[in-house]
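The structure under discussion appears below in the form of structure tokens.
Numbering starts at 1 and runs along the sequence shown. Any value given below was found using the heavy atoms of this structure, including those in side chains, with hydrogens, waters and symmetry copies removed.
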Amino acid sequence: MTSTPGSAGPTDAPTPRPSELPARVSRFTRAERLVHRATATLTLLCVATAACLYVPALAELVGRRHLVVTVHIWTGILLPAPYLLGLASRAFRADLALLARLTSYDKEWLRAVRRRRPDRPAGKFNAGQKLYAGWIAGAALVMLGTGLLMWFTNLAPLSWRTGATFVHDWLALAAGVVVAGHLWMALTHPEARRGMRTGEVDREWARDEHPHWKP
């Protein structure tokens, strides 16, 4: 169909003015939010049960060590499951691609953090979020591998299991600190937290905090 002079064709729709745009924009799909919630639940269970196993005061308070060990082992084994199920979501795969790539403005963001400058350019995810995602994913894989060596004692010689125990314990401590920092950032950034809870964020917040993201 062709348009006649003076009539609006299919591509002649006017660009919405800023005042006409919706106040909130979509940031995460339901599938992405479910993956995050399931991963967060399993991670917190791993951290909590590890603390009950290694902190004497907590061990005495909780008791039932065999149950705590069982919960810790199975939450660790199931930790990759939400990620693997999430791969069925196109939006989740797209976000993984964004998280895996550092851009020029990510480097600017890191420089701004070091110099304590407020102007920190970012896409849908800032450089800090990308580094956290990469570190925690790598740590989870290493802890899963070392945990299996500790659990299945016939998989490797004693020297390997001793090394696995050392790596697992110290990496667990580091992961606990990093996860606590992630929780602190979530508590101090309510709009980012709301985006993960509801899937939507304020348009002005998105423009200010993630100027290179085009929702």
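- A cation-pi arrangement, defined by a distance under 6.0 Å to the six-membered ring centre and an angle within 45 degrees of its axis, is present between Arg27 and Phe125.
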Apply the test side-chain contact (heavy atoms from CB on, under 4.5 Å) to residues Val142 and Leu171: give CA-CA distance (whole Å), side-chain angles for both, the deciding distance (0.1 Å), then the verdict.
CA-CA 9 Å; Val142 173; Leu171 190 55; 3.6 Å; yes

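- Contact annotation: the side chain of His66 approaches that of Thr70 to within less than 4.5 Å [non-hydrogen atoms, C-beta and beyond].
- Between Trp213 and Gly123, the shortest heavy-atom contact is CB-C, 3.6 Å.
- Counting non-hydrogen atoms of other residues, nucleotides and ligands closer than 6.0 Å to CD of Glu191 gives a total above 12.
- Considering only heavy atoms from C-beta on, Leu102 comes within 4.5 Å of Lys130 through its side chain.
- When hydrophobic clusters are built by joining Ile, Leu, Val, Met, Phe, Trp and Tyr residues whose side-chain heavy atoms come closer than 4.5 Å, directly or via intermediates, Val47 is not grouped with Leu183.
- Using a 4.5 Å cut-off between side-chain heavy atoms of Ile, Leu, Val, Met, Phe, Trp and Tyr, with links allowed through other members, Leu148 and Leu78 fall into different hydrophobic clusters.
- Side chain of Arg24 to backbone of Glu200: a donor-acceptor contact under 3.5 angstrom is found.
- Within a 6.0 Å sphere centred on OH of Tyr132, heavy atoms belonging to other residues, nucleotides or ligands number more than 12.
- Note: Asp106 CG to Arg111 CZ = 10.5 Å, rounded to the nearest 0.5 Å.
- Side-chain contact between Thr165 and Leu149 is absent, with no heavy atoms from C-beta onward closer than 4.5 Å.
- Considering every non-hydrogen atom in both Ala112 and Arg120, the closest pair reads CB-CG, 3.6 Å.
- Side-chain atoms of Ile136 and Val179, non-hydrogen and from C-beta on, do get closer than 4.5 Å to each other.
- Between Leu87 and Leu96, the closest side-chain pair of non-hydrogen atoms falls below 4.5 Å.
- Put simply, the side chain of Glu209 never gets that close to the backbone of Ala206: no donor and acceptor are under 3.5 Å apart.
- With Thr75 contributing its side chain and His72 its backbone, the two residues share a donor-acceptor pair below 3.5 Å.
- With values rounded to the nearest 0.5 angstrom, Leu34 atom CG is found 10.5 Å from Leu85 atom CG.
- In this structure a side-chain-to-backbone donor-acceptor pair under 3.5 Å is missing from His212 to Ala122.
- A donor-acceptor pair is defined here as one N or O able to donate and one able to accept, closer than 3.5 Å; such a pair exists between the side chain of His168 and the backbone of Met143.
- The shortest non-hydrogen separation linking Leu79 to Ala140 is CD2-CB, 4.0 Å.
- Ring geometry for Phe166 versus Trp170: interplanar angle of 30 to 60°, hence tilted.
- Residue Met185 is not grouped with residue Trp109 when hydrophobic side chains (ILVMFWY) are merged at heavy-atom distances under 4.5 angstrom, including chains of intermediate members.
- Using a 4.5 Å heavy-atom threshold, the side chains of Tyr83 and Thr39 count as separate.
- In this structure Arg37 satisfies the salt bridge (charged side-chain N to carboxylate O under 4.0 Å, His left out) test with no other residue, sequence neighbours excluded.
- Other residues, nucleotides and ligands contribute over 12 non-hydrogen atoms within 6.0 Å of the CZ atom of Arg93.
- Within the 4.5 Å cutoff, the side chain of Lys124 has heavy atoms near those of the Phe28 side chain.
- Across all their heavy atoms, Val35 and Pro82 have their closest contact at CG2-O, 3.6 Å.
- In terms of heavy-atom proximity, Gly128 sits nearest to Asn126 at N-OD1, 3.0 Å.
- Counting only distance, with no hydrogens or angles, the side chain of Arg193 and the backbone of Leu187 share a donor-acceptor pair below 3.5 Å.
- Between His36 and His182, the ring planes lie tilted relative to each other; the angle falls in the 30° to 60° range.
- Judged purely by atom type and a 3.5 angstrom limit, Arg116 has no side-chain atom pairing as donor or acceptor with the backbone of Val113.
- Taking the six-membered ring for Trp and thresholds of 30 and 60 degrees, Trp74 and Trp151 have ring planes more than 60 degrees apart, a perpendicular arrangement.
- By the 4.5 Å side-chain criterion applied to Ile, Leu, Val, Met, Phe, Trp and Tyr, Leu67 is assigned to a cluster that also includes Val71.
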Step-by-step side-chain contact (heavy atoms from CB on, under 4.5 Å) determination, Asp202 to Val25:
CA-CA 6 Å; Asp202 180 76; Val25 295; over 6 Å; no

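- Side-chain contact between Leu53 and Val69 is present, with at least one heavy-atom pair separated by less than 4.5 Å.
- To the nearest 0.5 Å, atom CG of residue Asp95 and atom CD of residue Glu32 are 4.0 Å apart.
- In this structure, CG in Leu98 is found 11.5 Å from CD in Gln129, a value given to the nearest 0.5 Å.
- Counting heavy atoms of neighbouring residues, nucleotides and ligands inside a 6.0 Å radius, atom CH2 of Trp160 does not exceed 12 of them.
- Distance alone, capped at 3.5 Å, places no donor-acceptor pair between the Glu60 side chain and the Ala57 backbone.
- Of all the heavy atoms in Cys52 and Val68, the pair that sits closest is CB-CG1, 4.0 Å.
- Atom CD1 of Ile73 and atom OG1 of Thr49 lie 9.5 Å apart (nearest 0.5 Å).
- Remark: Tyr105 OH to His210 NE2 distance equals 11.0 Å, nearest 0.5 Å.
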